[in-house]
Amino acid sequence: MIELKNISWTTPDGNNILDDVSLILPDKKLIAITGPNGGGKTTLAKIIAGILIPQKGSILMNGEDITNLDVTERAKKGIAFAFQQPVRFKGLTVRSLIEIASGGGISGSALCDYLSQVGLCARDYLDREVNSTLSGGEMKRIEIATVLARKASVSVFDEPEAGIDIWSFAGLIRTFEALRKNPEGTLIIVSHQERILRIADEIILLNNGKVAQRGSGRKMLDNIVSSGNASTVCIKKEAVIDG
Amino acid sequence: MDEITESLLRQISDWDGKFKGAYNIRVDGTCAGRQSSENISILNKEDNPGLEIHIRPGTKGESVSIPACVTHGNVDDLVYNDFYIGQQADVTIVAGCGVHTETGEPARHNGIHRFFLSEGARVKYVEKHVGTGKGTGIRSIDPVTEAFLEKDATLEMDTSQIGGVDHTVRETRCTLSEGAKLVIRERLLTEKKQNAKTNFTVTMQGDGSAADIVSRSVAKDESRQEYVSVIIGEAACTGHTECDAIISGKAQVDASPRLYARNEDAALIHEAAIGKIAGEQILKLRTLGLTEQEAEEKIVEGFLS
């Protein structure tokens, strides 16, 4: 369980992005964090992963204060983070990235499983470099595969739907649906996308750096969509996703 | 064979107590072992120190290893090796070099290799260079590679120098006839006050010839690297040269990819990029549980692999 207590974060030029945010994120739930651009979603996700350190407040993980632990230390505690814009590496292969994520000593069949969960064939991808020859959709899937390989107790996904094509998006929804059925830990997804919010156990609406609303997914969804705080997909896209 | 020689052989060749195919082991300027095969004959050169290696036409799937080791200081080894590869042969040639010195005296190996590829021949050429040992003695390796590719011949050259060599000047010159293909992959690591110069010159004389030269290097500490790659297109040909370098500390890297088009149907491309490791790459690997130092090591290892 992650507990955020009175978290505040301000940009170096004085913009207040998070203002006294307190939240409890329970185990084995899919929790979506949504809200308008600039509302503080990505900042909150990065604060959980240790990429940003809050100026005020504290973060507890299963009761232990992890506020001052850096990114590596939090990763070792079991927090995984999927970047909104996955990083490309010249030379590092998909295989080596997933091996690093798994902590080493991973079997060939496990490597294959992680890639098939994100809709990629290991034979085609394991020895490819994670470089500019991969499309945005492929990068996103590999990014998610690295998070799956972590077997983390808390996995944070920052706008997984950003910058991907419709086919990759359809696969992404299926991946999260499968994860939700067999949750190995807490899933925290920062998203605008109604199709992702639809599968969340809980939705947290952040606005102007504060928690504006929070509740069960079903209860919150209609309000959020009607207030324009979530993006819907068109009928054609729906057909692909459901297809 | 002493421990130093065995250690160098393991690092620069596929030696695991023995070689699979034909071989010649050169240690401190003398022959420490030789084995020809039915299709690959290794002979002493008559005009200079070194070897003549003849590979029969049609030889498939065989390999020849000619590692050279300098195991102590005060050695300046110069060797001329010529390879004649017969028509339609398809072979692997491994020509590593290791220099070791502990005494404070310099150790140098200068290997001049010429490859004559007959029509349709295919060669994979693997060249690994290392320097080992303590002390201030300068470890130098100055290879010269010349290749002449006849019609439809293919040379794939995989050359690396991963650590320990204080000074190197690497000269590579290739001439391609009609339909010939050249692929070069170079990997270089320099650190401390090491110095490395690489010069590639490829002349494409025949229509349909192609060259692809990619160099990846890492320059650390106060080391210096200079990369010059010249592709000359004299026919309807395609050429690509790329230099990618990671730089850190007070290292210096100069990169000059050059294209000389001498035919309107020559299609030539060059790329060069020099920069430090991106902060976001380190951050990504830290989110996977690596420390900053481990992340840097992984990125360099992957970049040079």
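Chain A is the first sequence line, chain B the second, and so forth, proteins listed ahead of strands; every chain is numbered from 1. Scope of the values below: all heavy atoms of this structure, side chains included, with no hydrogens, waters or symmetry mates.
When all heavy atoms of A/L52 and A/W9 are compared, the closest pair comes out as CD2-CZ2, 3.8 Å. Across B/A196 and B/T190, no two heavy atoms sit closer than the pair CB-CG2, 3.8 Å.
Residue contact with chain B, scored on non-hydrogen atoms closer than 4.5 Å, involves the backbone of A/R88 exclusively. A/A49 does not touch chain B: none of its heavy atoms, backbone or side chain, sits under 4.5 Å away. Residue A/E129 touches chain B through its side chain alone, counting heavy-atom pairs closer than 4.5 Å. Looking at A/F83, the atoms closer than 4.5 Å to chain B (heavy atoms on both sides) all sit in the side chain, from C-beta outward.
Side-chain contact between A/L206 and A/L18: present, with at least one pair of heavy atoms (C-beta onward) separated by less than 4.5 Å. In this structure, B/K128 and B/S13 have side chains that are not in contact, with every pair of non-hydrogen atoms separated by 4.5 Å or more. Put simply, the side chain of B/V144 reaches to within 4.5 Å of the side chain of B/R173, judged on heavy atoms. Between B/C174 and B/F200 the shortest side-chain heavy-atom distance does not fall below 4.5 Å.
Every residue two or more places apart in sequence or in another chain was checked for a side chain to side chain donor-acceptor pair (under 3.5 Å) with A/E3, and none qualifies. Considering only residues two or more places apart in sequence or on other chains, B/R10 meets the salt bridge (Lys or Arg N to Asp or Glu O under 4.0 Å) condition with none of them. With sequence neighbours left out, the salt bridge (Lys or Arg N to Asp or Glu O under 4.0 Å) criterion links A/E202 to A/R214.
Ranked by heavy-atom pairs under 4.5 Å with chain B, the first of A/A101, A/G50, A/A149, A/G103 is A/A101. Ranking A/D70, A/V71, A/T93, A/L97 against chain B, the residue ahead of the rest is A/V71, based on heavy-atom pairs under 4.5 Å.
For residues 291-305 of chain B, heavy-atom neighbours of chain A at less than 4.5 Å comprise B/T291, B/K298, B/I299, B/G302, B/F303, B/S305, sorted by residue number.
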